[in-house]
Structures are given as structure tokens and as C-alpha cells.
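This report concerns only the one structure given below.
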Amino acid sequence: MLHLETVPEDFAKNPVQSGTCSDRYTQIFGCRASMPISRVTVSQSLTCLSPKARAFVERSVALCQPEHVHVCDGTDSEADMLLKAMQDQGTITPLPKYQNCWLARTDPADVARVESRTFICTKRERDVVPAAKLGKKSALGNYMNIPTYEKAVGDRFPGCMRGRTMYVIAFSMGPVGSPLSKMGVEVTDSAYVAYSMRIMTRIGNRVMEVMREKDEAKVVKCLHSTGSKGIAGWPCDPQRTLILHRPSENEIVSFGSGYGGNSLLGKKCFALRLGSVLARREGWLAEHMLILGITDPEGNKRYIAAAFPSACGKTNLAMMTPTLPGYKIECVGDDIAWMKFDSDGVLRAINPENGFFGVAPGTSEETNPIAMASIFKNTVFTNVAETEDGGVWWEGMTKDPGTLTDWKGELWDSSSTTPAAHPNSRFCTPANQCPIIDPEWESDEGVPISAILFGGRRPTGVPLVVEARNWRHGVFMGATMRSESTAAAEHNTKVIMHDPFAMRPFFGYNFGDYLKHWLSMNKSNREMPKIFHVNWFRKDDQGKFLWPGYGENCRVLDWVLRRCDNMNCFTETPLGLVPSKGALNTDGLGEIDTDALFSIPKDFWLQEADAIEKYFRDEVGSDLPNVMWEELDGLRSRLLA
Ligand SMILES: Nc1nc2c(ncn2[C@@H]2O[C@H](COP(=O)(O)OP(=O)(O)OP(=O)(O)O)[C@@H](O)[C@H]2O)c(=O)[nH]1
Ligand SMILES: O=C([O-])CC(=O)C(=O)O
Ligand SMILES: [Mn+2]
């Protein structure tokens with residue numbers, strides 16, 4: 001059985017290269033300066049890596065057998081080299097309308113995360129899959145056993161980079177050297193991945209230095225291949241795509257997809273799936289959350305974290321332009337939060353990323369002017385449409401784009417019946433270009449969190465905002481979140497899916513244990529943030545949004561902050577606390593049907609309670625902490641009171 005630790009067969013057969021694993025790799029890489037380098041050429045000696053990172057790279061080279069190894073140093077000339085390579089290969093084209101912006105068109109079969117091919121690999125299934133679903137397909141943990149994992153790797157990777165370049169990217173999630181940060185090494189045969197990792201993470205010589213100094217035992221090992229024999233266009237192999245995580249080995253293996261969510265392994269794979277496992281072990285939280293700073297008209301600044309499922313409004317809230325006078329929003333992060341209580345009992349959060357991989361459609365001067373001010377330089381756009389003057393366009397950006405080249409490279413005009421940009425088309429932009437990036441966004445200790453929001457797309461029944469009665473009720477709110485499916489993954493019908501904590505596709509371990517971990521955060525010597533559930537997406541009978549959303553969402557945050565100050569501006573409902581009459585500032589909003597926005601239809605909620613019960617029973621079973629059942633009972637009895 002082939003494993004990353006073992007030598008590929010045809011390598012071992014060659015007598016010139018026999019010997020023990022590490023000896024041989026030392027020779028191949030010519031760490032001794034006089035050694036002739038055969039088979040593989042390297043851009044710089046692998047001694048720039050820490051010994052553990054280097055061992056991983058050497059094993060990956062032996063396995064994938066690239067012709068050339070390029071160790072990314074993070075310099076500007078390297079960026080130029082990557083851009084040139086991608087242009088020569090036809091992976092990207094320049095967008096002359098902007099400064100250093102590029103358009104990538106993927107294979108139409110490689111446009112989003114593939115949840116059905118994403119697995120967590122452990123010894124025991126129960127580590128990943130809650131009790132109720134052992135041995136069956138679970139929505140809350142896609143499990144693969146170790147022999148299957150090894151076979152999957154062995155079937156795909158040996159020789160997969162022959163004749164091509166392997167890029168080695170040492171990266172830091174979080175500020176380089178910060179105590180809350182973690183490091184990884186990704187090897188990949190995709191220049192697109194190497195270039196995008198420069199934007200989304202901190203990479204290069206500085207990271208390698210810190211890695212060497214610490215000889216970090218816990219460097220996360222990330223192996224990626226597009227799985228394609230060539231490099232032309234958009235290399236991928238959708239039929240054989242697999243994204244695998246081995247928490248016990250700190251290892252991620254991704255094959256067959258170049259799409260960001262599957263290939264930029266620092267993001268969902270590391271920061272959330274492996275991150276959640278590390279967080280549990282080390283007593284912190286790795287969450288699918290934005291982080292924003294909000295200053296009220298009195299000059300009081302607080303930070304809020306919010307978990308909404310993919311394509312449900314995190315980037316937009318994180319960059320909101322508030323409509324209420326006197327408010328100021330600053331952005332710390334738009335997708336992932338690593339949070340830990342400090343010695344004073346304050347929950348501190350960092351954004352482990354260095355860029356935004358944001359949804360393009362719907363982004364406009366009206367909805368998100370801050371994103372618009374961030375993304376038109378140094379950006380890679382993927383699967384958006386191109387205008388005649390070398391710019392980009394997507395649905396919702398402007399009214400009349402004229403004639404376009406659509407995301408598949410075909411001519412498009414307003415009479416076309418298919419979208420010009422793919423619904424999951426994205427921009428990949430350095431975070432420091434955001435005009436409202438928070439001054440503390442790279443602080444080592446993280447920012448203090450006052451409130452946590454959960455939310456989703458709920459067209460019916462779910463009020464604009466509800467405050468949890470206490471921490472465990474808030475955990476129940478997170479556990480019972482549901483949302484309409486979106487284009488961010490392969491689900492293609494609009495159904496209301498359970499998406500607890502907006503983490504359903506990203507749990508690295510058993511969801512029941514995850515709930516216990518969240519419950520265990522609550523300690524008397526800690527300042528527990530208040531928890532809220534929000535829904536910007538409720539619709540009226542005509543299917544129109546009841547709430548204007550976007551910049552107007554600051555009105556909800558305004559109420560949230562007053563609640564953080566314990567002001568008496570709420571009414572009790574069966575669901576939790578909602579703004580008392582007149583407490584939500586709707587001045588100047590025009591006609592808003594607040595009754596419809598806040599109504600709590602009893603029949604709807606009794607059915608919701610039934611759906612939650614079924615979900616708990618069918619998906620979690622005996623791994624569900626008892627207090628979740630108690631919370632469900634409480635909800636039912638309040639509804640029936
Ligand atoms: N109606 C309405 N739509 C919104 C609002 N906020 C965001 N959207 C739309 O929802 C879509 C996704 O928003 P994003 O902010 O990119 O979502 P995200 O949670 O960051 O998505 P991921 O990057 O996939 O995790 C976009 O088309 C937005 O225009 C809102 O307040 N109201
Ligand atoms: O991972 C991705 O492809 C993009 C993303 O942020 C999400 O889906 O939540
Ligand atoms: Mn996301």
C-alpha cells in the first residue's frame with residue numbers, strides 16, 4: 001500500500017536511486033553542493049525549509065516526480081514569473097482596464113467546492129461521524145478510513161507531476177510569528193494556486209525563517225495536484241477529484257481540482273477542517289466567521305464575529321457602509337476567525353487569512369462600495385465575464401454591460417438566457433487593499449469580541465434578529481441553523497439545508513463533540529460574548545426581500561450593541577429576545593413592514609422544532625449533548641405556552 005512516507009515502486013526499482021528513503025532524497029536534492037542534481041532541478045536548496053517541512057517536500061517529490069521544484073520566496077520577480085507562466089499556459093489573461101488584474105476561466109466542471117468528494121480520514125469513524133450515522137452517509141462528517149485514503153493517494157499521485165514544475169509554498173495562517181498563528185507547506189503543480197496563495201496567505205522567505213527557527217513540529221503538510229497531465233488552459237480531473245484531511249498527521253491531500261476552495265489548502269482545509277481539530281485539542285475556536293470592528297456615534301469601538309453559510313453575506317457585512325449617521329465599520333476578516341479566550345477571560349479573534357476570496361455576483365457600488373474600491377488592482381478574477389474594454393462584469397454589478405465574453409468564453413448580451421458570470425465566480429484580492437481594513441487586523445493578540453452572530457438565508461418564518469437568552473441557548477441557535485443552498489458548493493436546487501454554525505462542510509471532527517466544545521467555553525471568569533441570530537433574507541408573499549439589507553444591516557448591529565450594553569430595549573419571545581417596539585432604528589428607511597419582519601408564526605416554528613428533533617435524532621443521536629434536548633424542549637414549551 002502506498003503512503004506518503006513510503007517510496008513509490010518505480011523509484012525503488014531503479015538501482016541508482018536505491019538506499020534508504022531519506023539518504024536518497026538527500027542525494028537527489030544535492031544538499032551537498034558538489035552533488036550533481038539528476039532528474040529534479042530545484043530553484044533553491046531545500047535547506048531553506050525546516051527539517052520537517054523539508055522531509056515532507058522530499059517525500060512529495062519522490063511521490064509526484066516533478067521535473068523541477070520551485071520553492072516560493074515571495075518576491076515580486078517570482079510573482080512576475082508565475083503570471084508569465086500562467087499566461088503562456090493559457091490559464092489567465094490580462095484585464096488591461098485595471099492595474100495588475102487577471103481573469104481565469106476554469107473548466108466548467110471545476111467551479112466550486114465539491115463536498116461529496118471531501119473527506120476526513122481517521123482511525124475511528126466515530127471521531128468524524130456522530131453516533132446516529134455511523135456506517136452511513138452523514139451530512140455532518142464525510143468519513144474515509146485509512147486504507148481507503150492510502151489507496152486513493154496511491155492511485156492518484158505517483159508520477160502525477162512528471163515533466164512539470166512543483167511549487168513549494170511555505171505559508172503562515174495569521175501574522176508571521178504571532179502566537180495565534182499556524183504554519184503550513186503546500187506543494188502544488190498549479191501556478192494559479194501558487195499565485196493565489198501569495199494573496200490569500202503570508203508566504204515566502206520570512207515564513208521559512210520562522211519555520212526554521214521554531215523547527216515547527218506542527219507544520220501542516222498540504223499536497224495538491226490538478227491531476228492533469230498537461231498545464232494548458234485549466235488543468236483538472238473532475239472525475240477523480242478528492243480532498244482528504246488527516247488530522248492525526250496534520251496532513252491535507254487534494255487532487256483533481258484547481259478551484260480555490262479545493263486547492264488553496266490554507267483556507268477551508270487547514271483553517272477550518274484541521275483548524276477545528278487543533279482548536280478543540282488546544283481549547284480555542286476555529287470558525288467560519290467574519291470579524292468586523294464597529295464604532296458607535298459616541299466613539300465606542302467593539303468587535304463582532306458572524307457565521308453565515310457560504311454565499312450568505314459575510315464579505316458584505318464585514319465591509320458594510322453603514323447608513324446610520326455616526327457609525328463606522330472596519331474590516332478584520334471576511335471568512336474565517338480563530339478565537340481564543342485570553343488570561344483576562346476576553347475572547348480574542350484573529351483573521352488567519354491575508355486576502356479576500358469573495359463572491360463576485362451581487363457586488364456593486366450600491367451593495368458593497370468598499371469591495372468595489374478594493375478589487376480593481378492586484379486581483380485574480382475567476383469565472384467572471386469580460387467586457388469589450390478589458391474589464392470585468394457580473395450579474396448585479398451594473399445595469400447595462402453591453403456585449404460581453406461570458407465565463408465560458410462565449411459571446412453574451414442582454415438577450416442571453418444564461419448568466420454571464422458563474423454564480424460562484426470570485427475575486428481574489430489582498431486584504432490590505434481594503435480601504436476600511438481595521439488598524440488592528442494584524443495584531444498578534446487578536447481583537448476582543450463582544451458579540452457573535454449566526455445567520456442564514458431563510459425566506460420564511462425567521463425574524464430579522466433574535467438574541468439568545470444565554471450562552472447555551474446561543475449554542476442551540478448555532479446548532480439549529482438552517483439556510484437555503486447556494487452556488488458555493490455543488491448543490492443545485494434551492495433547498496433549506498441544516499448548516500450548523502455555518503460549518504457543516506467544514507467540521508474536522510464529530511459534531512456532537514464540537515457542541516460540547518462550544519458549551520465548555522462558558523466559564524464564570526470569562527466575559528462571554530452575547531449571541532444573536534439574524535436573517536437578512538426574509539421575503540414577502542411576492543418573493544420580495546422584506547429587509548433592504550447591506551448597509552442598512554447596521555441598524556441591526558446598532559441594536560446588538562445596545563444589548564451588549566445591557567440596555568432595556570427588548571421583548572421576550574419563544575425564540576429569544578427581539579427589539580421592543582420602536583427599539584430598532586428604522587428612521588428614514590421608508591416603508592418597512594416590521595410586523596412581518598419579526599412575526600413568529602406558531603405553526604411554522606412547531607414544524608421547525610420537529611425538523612430540529614428529527615435532525616438531532618437522525619444525524620447526531622447519542623453524541624448530542626443533553627442540554628441541546630433541554631433547549632429544544634424549552635423552545636417547544638414556550639411556543640405552546
Ligand atoms: N438581500 C441581501 N443580499 C445580500 C446581503 N448581504 C449579502 N448579500 C448577497 O449574498 C451573496 C453572497 O454574499 P457574500 O457577502 O459574498 O457571502 P459570504 O458569506 O462572504 O460567502 P463565502 O465567501 O462563500 O463564504 C452576494 O450576492 C450578496 O450580494 C443582504 O444583506 N441582503
Ligand atoms: O471555500 C470557498 O470556495 C469559498 C468560501 O469562502 C466558501 O465556500 O465558504
Ligand atoms: Mn466562506
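Atoms within each ligand, like the ligands themselves, are counted from 1 in listed order. Heavy-atom basis, side chains included; hydrogens, waters and symmetry copies ignored.
T382 contributes no side-chain N or O that, together with a main-chain N or O of R426, makes up a donor-acceptor pair within less than 3.5 Å. Not a single donor-acceptor pair under 3.5 Å links the side chain of S416 to the backbone N or O of T418. Side-chain atoms of D237 do not come within 3.5 Å of backbone N or O of T241 as any donor-acceptor pair.
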Show me a pair-per-line table, with atom names and distances to 0.1 Å, of protein N or O atoms that are under 3.5 Å from an N or O of ligand 2.
from, atom 1, to, atom 2, distance (Å)
ligand 2, 1 (O), R113, NE, 3.4
ligand 2, 1 (O), K268, NZ, 3.4
ligand 2, 3 (O), Y259, OH, 2.7
ligand 2, 6 (O), K268, NZ, 2.5
ligand 2, 6 (O), D335, OD1, 3.4
ligand 2, 6 (O), D335, OD2, 3.3
ligand 2, 8 (O), R113, NE, 3.0
ligand 2, 8 (O), R113, NH2, 3.0
ligand 2, 8 (O), S310, OG, 2.9
ligand 2, 9 (O), K268, NZ, 2.7
ligand 2, 9 (O), H288, NE2, 3.2
ligand 2, 9 (O), S310, OG, 2.5

For ligand 1, list every N/O pair with the protein closer than 3.5 Å, one pair per line with the distance.
from, atom 1, to, atom 2, distance (Å)
ligand 1, 3 (N), Y550, OH, 3.1
ligand 1, 8 (N), Y550, OH, 3.4
ligand 1, 10 (O), R457, NH2, 3.0
ligand 1, 13 (O), G313, N, 3.4
ligand 1, 13 (O), N316, ND2, 3.4
ligand 1, 15 (O), K314, N, 3.4
ligand 1, 15 (O), T315, N, 3.1
ligand 1, 15 (O), N316, N, 2.9
ligand 1, 15 (O), N316, ND2, 2.8
ligand 1, 17 (O), C312, N, 3.4
ligand 1, 17 (O), G313, N, 2.9
ligand 1, 19 (O), C312, N, 3.3
ligand 1, 19 (O), G313, N, 3.1
ligand 1, 19 (O), K314, N, 2.8
ligand 1, 19 (O), K314, NZ, 2.8
ligand 1, 20 (O), K314, N, 3.4
ligand 1, 20 (O), T315, N, 2.8
ligand 1, 20 (O), T315, OG1, 2.9
ligand 1, 21 (O), A311, N, 2.7
ligand 1, 23 (O), R426, NH1, 2.8
ligand 1, 24 (O), A311, N, 2.9
ligand 1, 24 (O), R426, NH1, 3.4
ligand 1, 24 (O), R426, NH2, 2.9
ligand 1, 25 (O), K314, NZ, 2.8
ligand 1, 25 (O), D335, OD1, 3.1
ligand 1, 27 (O), P361, O, 2.9
ligand 1, 29 (O), Y550, OH, 2.7
ligand 1, 31 (O), Y550, N, 2.9
ligand 1, 31 (O), N553, ND2, 3.0

TODO: Before giving the answer on ring pair (Phe, Tyr, Trp, His ring centres under 6.0 Å), spell out for Y149 and F119 the whole-Å C-alpha distance, their side-chain angles and the decisive distance to 0.1 Å.
DONE: CA-CA 9 Å; Y149 166 91; F119 297 89; over 10 Å; no

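Below 30°, between 30° and 60°, or above 60°: for F454 and W518 the angle between ring planes is between 30° and 60°, a tilted geometry. Classified by interplanar angle (parallel below 30°, tilted 30° to 60°, perpendicular above 60°), the ring pair W412/W393 is tilted. The aromatic rings of F507 and Y514 sit perpendicular, their planes meeting at an angle over 60°, well past the 30° parallel limit. Between F506 and H288, the ring planes are perpendicular. Angles over 60° get that label, and only those under 30° would be called parallel.
A search for side chain to side chain donor-acceptor pair (under 3.5 Å) contacts involving N262 returns S257, not counting sequence neighbours.
Aromatic pair Y550/W536: ring centres not closer than 6.0 Å.
Less than 2.8 Å away from the Mn ion (ligand 3), the protein contributes these N/O/S atoms: K268 NZ, H288 NE2, D335 OD1.
T379 and T429 are linked by a side-chain donor-acceptor pair at a separation below 3.5 angstrom, with hydrogens and angles left out of the test. A side-chain N or O of E552 and one of T323 form a donor-acceptor pair less than 3.5 Å apart.
The side-chain heavy atoms of I294 and I304, taken from C-beta on, include a pair separated by under 4.5 Å.
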